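Written out below as structure tokens is the structure these notes cover.
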Number of protein chains: 2
Amino acid sequence: MNESEFLAGYDPRVYPAVAVTVDVVALTIRGGGLRVLLIRRGEQPHAGLWALPGGFIRPGEDLPQAAARELAEETGLSNLGDRVHIEQLASYGTPDRDPRMRVVSISYLAFAPDLPDPLAGTDAADAAWQPVDKLPELAFDHDRILAHGLERARGKLEYTPLATAFAGETFTISELRGVYETVWGVPLHAGNFHRKILSVPGFVESTGETTESGGVRGGPRAKLYRAGDARLLHPALLRPAREEQIR
Amino acid sequence: MNESEFLAGYDPRVYPAVAVTVDVVALTIRGGGLRVLLIRRGEQPHAGLWALPGGFIRPGEDLPQAAARELAEETGLSNLGDRVHIEQLASYGTPDRDPRMRVVSISYLAFAPDLPDPLAGTDAADAAWQPVDKLPELAFDHDRILAHGLERARGKLEYTPLATAFAGETFTISELRGVYETVWGVPLHAGNFHRKILSVPGFVESTGETTESGGVRGGPRAKLYRAGDARLLHPALLRPAREEQIR
DNA sequence: ACAATAGTGTCTATTAGACAATATGCG
DNA sequence: CGCATATTGTCTAATAGACACTATTGT
């Protein structure tokens, strides 16, 4: 190892600057479908394209904190705090993923109940919840990040109670089934689903209340539940076998 | 938003430098137990403490490439390429996790069959495979990263064929069972395990060969298998229920 | 011979899933 | 009234796990 290698290996300050950003894949269920929060970029690069909300981390700011800030700031949705579940997704650092400079992005995955329409934030020309099955072209490598987020979300519904994060404070079993059907994109058997949910310890707990009225097309009032204290579902709710995804 | 906020939000160059490192949690099975590759730091900070192999990313270098390089470089183990499975674990960016400067670390998780002893690399005073249940104090927040890696590894054995990455090119069902027992830390029923493995499509495929001899304490020769083409195990191999881990 | 291990057989409790039945409430 | 929906019941096939058995090989 010569001196320049030594320096290159040991002192990061000889490098061109590396910027660190957070990007947020925020998912919700709206209009009967799964939607992701996108902002339209107001500035170069990729001005005019849609992108995930995100931006540079600030000094002294922890990563999850930066993700929450970007989500709130770029959409005008504040006070999200306790209604949104947020977790780290993955990091992306391919050298040319941003034309300006070396940018490493830490992505976060957020699950939200149906929220108000976002307001375009400070550096966004526009912001909207967009259906994940009818997406515009995305800036940078955000299509890849989003695909990764969707895959993660679908998987986590199986073995965690995360589906409740898409529902309101209280919900019916049918509403919960709607979450699974929407995220997984498959119809589920109402009766078996109902029994299965109630058989998983700690998934949901009864509020003792029922809905005010039956469904719009009739039917009895449904019992209301809130999220239970389980962090893992045991046994898990497995998706119908997907032979093609195994290999 | 005033001008300084504007600048802080838009131009990363006004920030103090952020350094990006990769750290690798490399796991193997040795001496009947699960072990992790640690290096003893030769330099400040935390000189003398054990740490995960890792270091700053280099210009033009992709993140997985950096992880593979650090693993090879800091241990003297080269040509690992095709024998080691490596995947991204998580990222850590708490502001004060490194006393020198703001450092964001992307961690990688590696699974390896039993490899030769590492050689201390260029900036490591020492390097060794150390049992995960008898660890020394670790530098930085590496204990947290390692704990996260172990948790991930244990979980992935359930629904992916990753256990084969701990075995050699070919292996017996008993050896594979040993991997599960070691990583999970629980004994498994030999007969039921055997049947279960063979029932999962694409997990293992027979080589048609058997071991050269029986076990050291007797027994018939075992059939040899190699990893199959499945990427997911279906149905999964679930760990015995862990009531305490659910909530 | 004896002990250890590979591999297979069998039985039972549990579970997933198909299907049915009943009751409630909307139009 | 007629239909959609919530909830519960029943049956069957598949599975996990306990246990047992046979065959093979090292000491």
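Side-chain atoms are counted along with the backbone in the values below, which use heavy atoms only and exclude waters and symmetry mates. Residue numbers begin at 1 in each chain, while the letters A, B, ... track the order of the sequences. Here the structure is a predicted model, which is why all the values come from computation and not from measurement.
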Specify the separation, in whole Å, of atom NE2 of His189(B) and atom P of dC21(D). 13 Å

Answer yes or no: is there a side-chain heavy-atom contact under 4.5 Å between Arg239(A) and Arg154(A)? yes

With a 4.0 Å cut-off, would you call Arg35(A) and Asp133(A) a salt bridge? no

Nearest to side-chain heavy atoms of Ser174(B), which nucleotide of dT5(D), dG7(C), dA6(C): dA6(C)

Picking from dA6(C), dA16(C), dT8(D), the nucleotide nearest the side-chain atoms of Ala222(B) would be dA6(C)

Does a side chain donor of either Ser91(B) or Ser91(A) reach within less than 3.5 Å of an acceptor in the other side chain? yes

Checking dA16(D), dA6(D), dT7(D) against the side chain of Lys196(B) (C-beta onward), the nearest is dA16(D)

Report the distance from atom CD of Glu175(A) to atom C1' of dA6(D), rounded to the nearest whole Å. 13 Å

Comparing Asn192(A) and Gly215(A) on DNA chain C - which has the more 5′ nearest nucleotide: Asn192(A)

Rounding to a whole Å, what distance do you find between Leu188(A):CG and dA6(D):P? 13 Å

Send over the distance from Arg221(B) CZ to dT22(D) C1', rounded to a whole Å. 19 Å

Lys223(A) and Glu209(A) ion-paired at < 4.0 Å: no

Separation of Leu237(A) atom CG from dT15(C) atom P, in whole Å? 13 Å

Between dT8(D), dT7(D), dA23(C), spot the one nearest the side chain of Ile173(A), thanks. dT7(D)

Does a side-chain N or O of Arg217(A) approach OP1 or OP2 of dT5(D) to a distance below 4.0 Å, or not? yes

By the 4.0 Å heavy-atom rule, please label Thr172(A) as base, sugar-phosphate, or nothing. nothing

Using heavy atoms to find the nearest nucleotide of DNA chain C for Ser199(A) and Leu198(B) separately, return the residue whose nucleotide is more 5′. Leu198(B)

Heavy atoms only, 4.0 Å cut-off, all strands: where does Gly214(A) land among base, sugar-phosphate and nothing? sugar-phosphate

Pick the closest DNA chain D nucleotide for Gly219(B) and for Pro235(B) by heavy atoms, then say which residue is nearer the 5' end. Pro235(B)

Between P of dA16(C) and CD1 of Ile197(A), the distance in whole Å: 11 Å

If I take atom NZ in residue Lys223(B) and atom P in nucleotide dT24(D), what distance separates them, rounded to the nearest angstrom? 12 Å

Tell me the interatomic distance from Arg177(B), atom CZ, to dG17(D), atom P, rounded to whole angstroms. 15 Å

Looking at Arg152(B) and Glu87(B), is any side-chain nitrogen of the basic one under 4.0 Å from a carboxylate oxygen of the acidic one? yes

Between His194(A) and dT7(D), does any side-chain N or O lie under 4.0 Å from OP1 or OP2? yes

So does Arg195(A) get a side-chain nitrogen or oxygen closer than 4.0 Å to the phosphate oxygens (OP1/OP2) of dT15(C)? no

